[in-house]
Each structure stands twice: as structure tokens, then as C-alpha cells.
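In what follows, a structure is listed as C-alpha cells, so that the remarks can point back to it.
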Amino acid sequence: MDLRRRSSSTAAKASDALPLPLHLTNAFFFTLFFSVAYYLLNRWRDKITSSSPLHLLSLSDLAAIFALLASVIYLLGFFGIHFVQSFVVRPADDDEEPSECTSLDKVDGQENDVMMADSITKGAAQPSPLHCTEPVKLVACGVDNDIMVDSVMKGKRVIQPSFQNMKPIVKELVSSIDRVYHDEDDVVIDSVLNGTVPSYSLESRLGDCRRAAAIRREALQRTTGRSLGGLPLEGFDYDAILGQCCEMPVGYVQVPVGVAGPLLLDGAEYTVPMATTEGCLVASTNRGCKAIYACGGATSVILRDGMSRAPVVRFATAKRAAELKFFMEDPLNFDTLAVVFNKSSRFGRLQSIKCSIAGKNVYLRFTSSTGDAMGMNMVSKGVQNVLDFLQSDFPDMDVIGISGNYCSDKKPAAINWIEGRGKSVVCEATIKEHIVKKVLKTNVAALVELNMLKNLAGSAVAGALGGYNAHASNIVSAIFIATGQDPAQNVESSHCITMMEAVNDGRDLHISVTMPSIEVGTVGGGTQLPSQSACLNLLGVKGASKDSPGSNSRLLATIVAGSVLAGELSLMSAIAAGQLVKSHMKYNRSNRDMSTVSSREGR
């Protein structure tokens, strides 16, 4: 019988049941799977960012989930198609010709006596060579096809090609791909330089955030003629910041993170991460934590918890503006406005509305709870709902801006100092006399006098607004950067008044910090980045609290206040003892020759 003869009958296949050719069906379901998965992941990210309920699904969400399940079921069947075919394909009868790969021990139903006898005389079993009716191309593996077929026909054992022969081929393939990508990158860089491709659109055009950053970086270096060699590019997840943290990235800045503590606060210990480049800051805060710990710890109280947003609207007359003010502040209308506001989020709950008039302009300050988010976006959505609702009763109202600076965000403002914004916290501790002398190297009387003349009288002479402290912003900024908060909100979050008083017949020191506007969150924004998320995890406040929404962000605010308390205590002690300049000369000055460093980096 001719060993190369094909069977005249065509075997049934599982893929015959598909309405389209197999390759088209595969392409359709692969495309469907990845498209729907990408859509659902983006929807999930948007809901988390906006603190929207994940279980509330729109019709498009349900359709996407159904399509995803359908594609998964098909792909599972596709990868198991050979398994299915093993049940579908059955021999027609016993005389059916051998399959395309069979043993030469049996050909046309007869034993290969010659090979068996040869094996017996040699005293060892010989492996049965494979019989292949179709030529197999193995040139890529280093095996000639004709030699392969000839060896099979002569009954010789076929030596399988070694995987080692593939290494040069794979290496050349990878090298070719690298060259192609490099050539493509040069084309894109030229397009950016000549203005054909906007730099801001690289992520959407390329679909690769890391590659987009590298191309933008190279284009910037060519444009400016300045090297960015000292700015790291590798080792960062650029996909994590797309659409939420930073636009047009070209690298990332490394900020060292130190830890102070343990801070004993409300009976629990916390190791506080601080991202800073200022020498002495972490060491000084750590010393304050040590003094507080030795005296039984500090206690804190949350006074208020509410984020504010204040749009500005305008009318034709001041009288009409006053009518809106009276309407908004009428207790009978508050419940209706709260229902409209609260539709924006399951965490946002309207707490109060305060109005102020300037001529025919009205400033409406909405304050709302925001769960574990810092909450600016959440409150803005609720405010927009109310403004849309008011148009029916006040059609002549002209909305000038969603924010009219009566909030007030990222600016020192008396309203934040008086009314509070975010979390309002007071934190206190009593430091024993012997700890003041042994750890802080000063005395109670000196600290009390210095605090009065520096933090209170001195700040008043300077006309300070919320700045009745030694260096609260130092600690606030360091913790904000480490934990992914908005560094710009350090402005109002650092509003603080530090009080010191001699107690217990003048022997011990009572110290407190009152901070009316600490604006922090544990979800959203930079808190989702890996490094910042790790620092939140160190404090035990990572993500949203499932048991008590908002408790994680409130705890973070008390930790910030407790750390400020430690920093104030240590710095004031250093000033009182005359150690400030000496310690900064020791810990805040580099021994490196910066001229040589600068010259190397300039190259």
C-alpha cells in the first residue's frame, strides 16, 4: 500500500458547526473579549474614582458582561476543540487506513518482522519511527525535509531536532523586532518635533503609556538640547496615572521616605511615613514621638468632617440675589435640596449650605460628608445637581462658575480657619517634667514663653492667617506626599494653632494643636499608586473602610495632627535650647562636592 496515500473520506470536525470560517470566528471572539474587558475595566475604574456604587449597572454594562461571558465560553471551547474532535472523529471500520502519524511496526495489518528481528538480535528495543504521509517542513529547526522523509521510508530512527537550534533564530527575531520598534519610535519622534503628532496624544495613539513617555522624553531632549539623564524613566507604572494623576509624563521624581515613631495616639501605635528632602525633619518628628510615647501618648478628637464647594451665581438685581439666599437658607427647603444633592453619590451627604452676597452675586457654600475620599469631585457633582434643580425656580440665575473661591481650596482663607474644611481635629498631650529635661533638653517655662512670643504674638505681628505654629506645614507636606494626598492642599491643611501651658503646679507641659481644615482621603487620586498605597497600608488606612465609611480618612487626619504635635514639640524644644542651627548644620548639609555632581549630570 502507498504510505503517502490520503484517505478519500473527509473526517468530521467540531469546527464544521460554526456559521463562519474558523479563523473569522476566532478573530471575532478574540476582538470581542478584549474590547469588552477593556470597556468594563474602564467603567470599574471610573466608578472607583468617583466613589460610585459598583453594583449599579446600566444597560450597556449588562450587555458588556453578557458579551464577555459569551466570548469566554467560546474561547474555552476553542482551546478545547482538539479534545472535542477526539470524540467526534471515529474510525469508519477496521480496514480504515492508518492515521497520518502511525508506527511502522504495523503497515497494511502486517508485523514489521525485519525490524523486530533486528531489535531482538541487538538485544535492545528500538523506538518505532514515525510514519508521516505529509511532508513536514523543519528547515527552521535545522533538519532537512528530504532527509526526514527518506529516513522514515527506510525504517530508520528519526532524530528529533534540538531546541538549542532555535536559539539563534529566536535571538535574531527579537533583534529584528527591536530594530522595527526603534525605527518606528524615530518616526514618531520626528512627527512630534514637526508638530504632526501632538505630544499630549501619544498615549491614545500608541496604546502604550511607557513608550509614549519615552518618546515624549526624547522629543523634549532634542527640542531643548538639555539632558534628562538624571530623571528616571524605567520602573514606573505609567498606565496607573493615565487619566487621573499626571498628563504628558516624561519620568518621575524620586523622593526619599523616612519613618517617625512609633506615634502613640488614642491608645494605638503608628509608624508615620514622611516623604521629604529636608534633613532633620524626620529625626525631629521622631524625637517628639518618643517624648509623647514616654508620657502615655496623645489623644485626638474629630470636631467636624465635611468637604465644601462654593459656586458663584449672578442675577440681574441684588434683590433677586437676596431671594435666592433666603430660599437656600430656609430650613424648610433643606431636605428637598439634600435629596437632589445626595443623588450624586452613596457617600456624599449634604450637611449645610451657607450663602454670602456681593452685590448681585451669590456665593453658595455647600458642605458634605464624602466617606473615605477627600471628596472634591464628589461634592462638585452634588452641587451641579442642585444648580440644575434651581433653574426651574430661578430661570434668571446665571451660573458663573462651579467654584467661586468661597470654598476655599488651595488658598489661605479665613472661612476655612473659622468654619473648617475637610477634617477639623484637635490633638493634645501632657509631657512630664523629667521627659522635657531628659529627651527634649529644655524646661517647661522656656517652652511656654517661647510659644507665646513666637507662635502667638509673633504670628499676630506678621498678620498670619492660620499660621500660629512653628512648622506644621513641614509635617503635613511630608505625610501628604508619602500617602498620595494633593500637596497643594497643604495650604489650608496646615492651618494650625499650637498652644502650650504649664500644668500640675508648673511641673508638666500641656501641648495641643488645633487644625480646622485637614483635607485627606484614602481612596482616589494619588492614593491608588503603588508607593503611596504602601504608605497608607503602613498606617492601616489603605482604601475605603467597609465597616464604617469615612473612618479611614478620619483616622489619617488624626495621625497627621498627632505627627504635627510631635513636630511642634521637638522643634520648639530645639529653639528653646538653642540647638536649631547646630542640628541643621549636622543633618541638613551635604558633604558631597555638588559642582562635580552637577557637571556629570549636565553631560
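Note that the numbering runs from 1 along the sequence shown for the chain.
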Working to the nearest 0.5 angstrom, can you tell me the gap between Glu568 CD and Ser284 OG? 9.5 Å
Please examine the side chains of Leu231 and Val253, heavy atoms only from C-beta on, and report whether any two atoms are closer than 4.5 Å. yes
For Gln485 and Ile479, what are the C-alpha separation, side-chain angles and deciding distance, and is it a side-chain contact (heavy atoms from CB on, under 4.5 Å)? CA-CA 8 Å; Gln485 311 304 313; Ile479 298 177; over 6 Å; no
Donor-acceptor pair, side chain of Lys381 and main chain of Val379, under 3.5 angstrom: no
In sequence, state the C-alpha distance, the side-chain angles, and the governing distance for Met374 and Met307, and then conclude on side-chain contact (heavy atoms from CB on, under 4.5 Å). CA-CA 7 Å; Met374 185 272 290; Met307 179 52 63; 3.8 Å; yes
Could you check if a side-chain atom of Leu509 sits within less than 4.5 angstrom of a side-chain atom of Val448, using non-hydrogen atoms only? yes
Shortest non-hydrogen contact from Ser300 to Asp266? OG-OD2, 2.6 Å
Do Tyr406 and Ser356 come within less than 4.5 Å of each other through their side chains, counting heavy atoms only? yes
Taking every non-hydrogen atom, the tightest pair across Ser548 and Arg554: OG-NH2, 3.9 Å
List the atom of Arg349, the atom of Arg346, and the distance in Å for their closest heavy-atom pair. NH2-O, 3.3 Å
Assess the side chains of Ser551 and Ser545: does a donor N or O sit below 3.5 Å from an acceptor N or O? yes
Salt bridge (Lys or Arg N to Asp or Glu O under 4.0 Å) assessment of Glu203 paired with Arg211: CA-CA 8 Å; Glu203 281 78 8; Arg211 185 181 172 207; over 6 Å; no
Quick check against the 3.5 Å criterion: does Ser204 have a side-chain atom that pairs as donor or acceptor with the backbone of Ser201? yes
State, with a plain yes or no, whether a side-chain heavy atom of Met248 is found less than 4.5 Å away from one of Ser199. yes
Main-chain N/O of Gly261 paired with Asn286 side-chain donor or acceptor, under 3.5 Å: yes
Taking side chain to side chain contact (heavy atoms under 4.5 Å, CB included) as the test, write out the residues that go with Met452, two or more places apart. none
Could you tell me whether the side chain of Cys496 reaches within less than 4.5 Å of the side chain of Tyr468, counting heavy atoms only? no
Residues in ring pair (Phe, Tyr, Trp, His ring centres under 6.0 Å) with Tyr238, at least two apart? Phe236
Less than 4.5 Å apart, any side-chain heavy atom of Val197 and any of Leu202? yes
Is there a donor-acceptor pair under 3.5 Å between the side chain of Asn42 and the backbone N or O of Tyr38? yes
Flag the pair Pro198 / Arg205 as yes when at least one side-chain heavy-atom distance between them is below 4.5 Å, and no otherwise. yes
Would the distance check show the side chain of Ser369 and the main-chain N or O of Gly371 forming a donor-acceptor pair, the cut-off being under 3.5 Å? no
Step by step, would you call Met572 with Met500 a side-chain contact (heavy atoms from CB on, under 4.5 Å)? CA-CA 10 Å; Met572 292 294 288; Met500 293 186 185; 3.7 Å; yes
Salt bridge Asp239-Arg210, side-chain N to carboxylate O under 4.0 Å: no
Could you state the interatomic distance from CG (Leu440) to CD1 (Ile431), rounded to the nearest 0.5 Å? 7.0 Å
Between Asp372 and Gly550, is there a donor-acceptor pair closer than 3.5 Å when you use the side chain of the first and the backbone of the second? yes
So, the side chain of Gln351 versus the backbone of Asp305: is there a donor-acceptor pair under 3.5 Å, distance only? yes
Please list all pairs passing the side chain to side chain donor-acceptor pair (under 3.5 Å) test where one or both residues lie in residues 429-453, with sequence neighbours left out. Asn451-Asn455
Test your reading of the model: is there a side-chain donor-acceptor pair from Ser570 to the backbone of Gly567, 3.5 Å cut-off? no
Using the side-chain contact (heavy atoms from CB on, under 4.5 Å) rule, take Asn405 and Cys407 through it: C-alpha gap first, then chi angles, then the decisive distance, then the call. CA-CA 5 Å; Asn405 274 6; Cys407 313; over 6 Å; no
Sorted by first residue and then second, give each side chain to side chain donor-acceptor pair (under 3.5 Å) pair with at least one member in residues 509-518; sequence neighbours left out. Glu428-His510
Would you give the length of the straight line joining atom CD1 of Ile511 to atom CG of Leu565, rounded to the nearest 0.5 angstrom? 5.0 Å
Return the CG to NZ distance between Leu569 and Lys290, rounded to the nearest 0.5 Å. 13.0 Å
Within residues 516-534 or reaching into it, pairs that qualify as salt bridge (charged side-chain N to carboxylate O under 4.0 Å, His left out) - sequence neighbours excluded: Arg421-Glu519
When you look at Ser477 and Asn490, which way does the side chain to side chain donor-acceptor pair (under 3.5 Å) test go after all the steps? CA-CA 6 Å; Ser477 296; Asn490 162 69; 3.1 Å; yes
Using the rule given for salt bridge (Lys or Arg N to Asp or Glu O under 4.0 Å), can you reason through Asp486 versus Lys410, listing the C-alpha separation, both sets of side-chain angles and the distance that settles it, and then say yes or no? CA-CA 9 Å; Asp486 188 342; Lys410 300 181 178 71; 3.2 Å; yes
Heavy-atom closest pair, residues Leu350 and Ala338: CD2-CA, 3.8 Å
Smallest separation among heavy atoms of Arg309 and Ser380, with atom names: NE-OG, 3.2 Å
With a cut-off of 3.5 Å and sequence neighbours excluded, list every side-chain donor-acceptor pair involving residues 555-564.
| residue | atom | partner | partner atom | Å |
| --- | --- | --- | --- | --- |
| Thr558 | OG1 | Leu555 | O | 2.6 |
| Ser563 | OG | Ile559 | O | 2.8 |

Inter-residue atom distance Ile481.CD1 - Met274.CE, 0.5 Å rounding: 10.5 Å
Looking at Leu265 and Cys427, what are the two nearest heavy atoms and their distance? CD1-SG, 3.9 Å
Donor-acceptor contact present, side-chain Asn552 to main-chain Gly543, <3.5 Å: yes
Hey, does Thr527 have a side-chain heavy atom less than 4.5 Å from the side chain of Thr522? no
Rounded to the nearest 0.5 Å, the CG atom of Leu571 sits from the CG atom of Leu281 at a distance of 9.5 Å
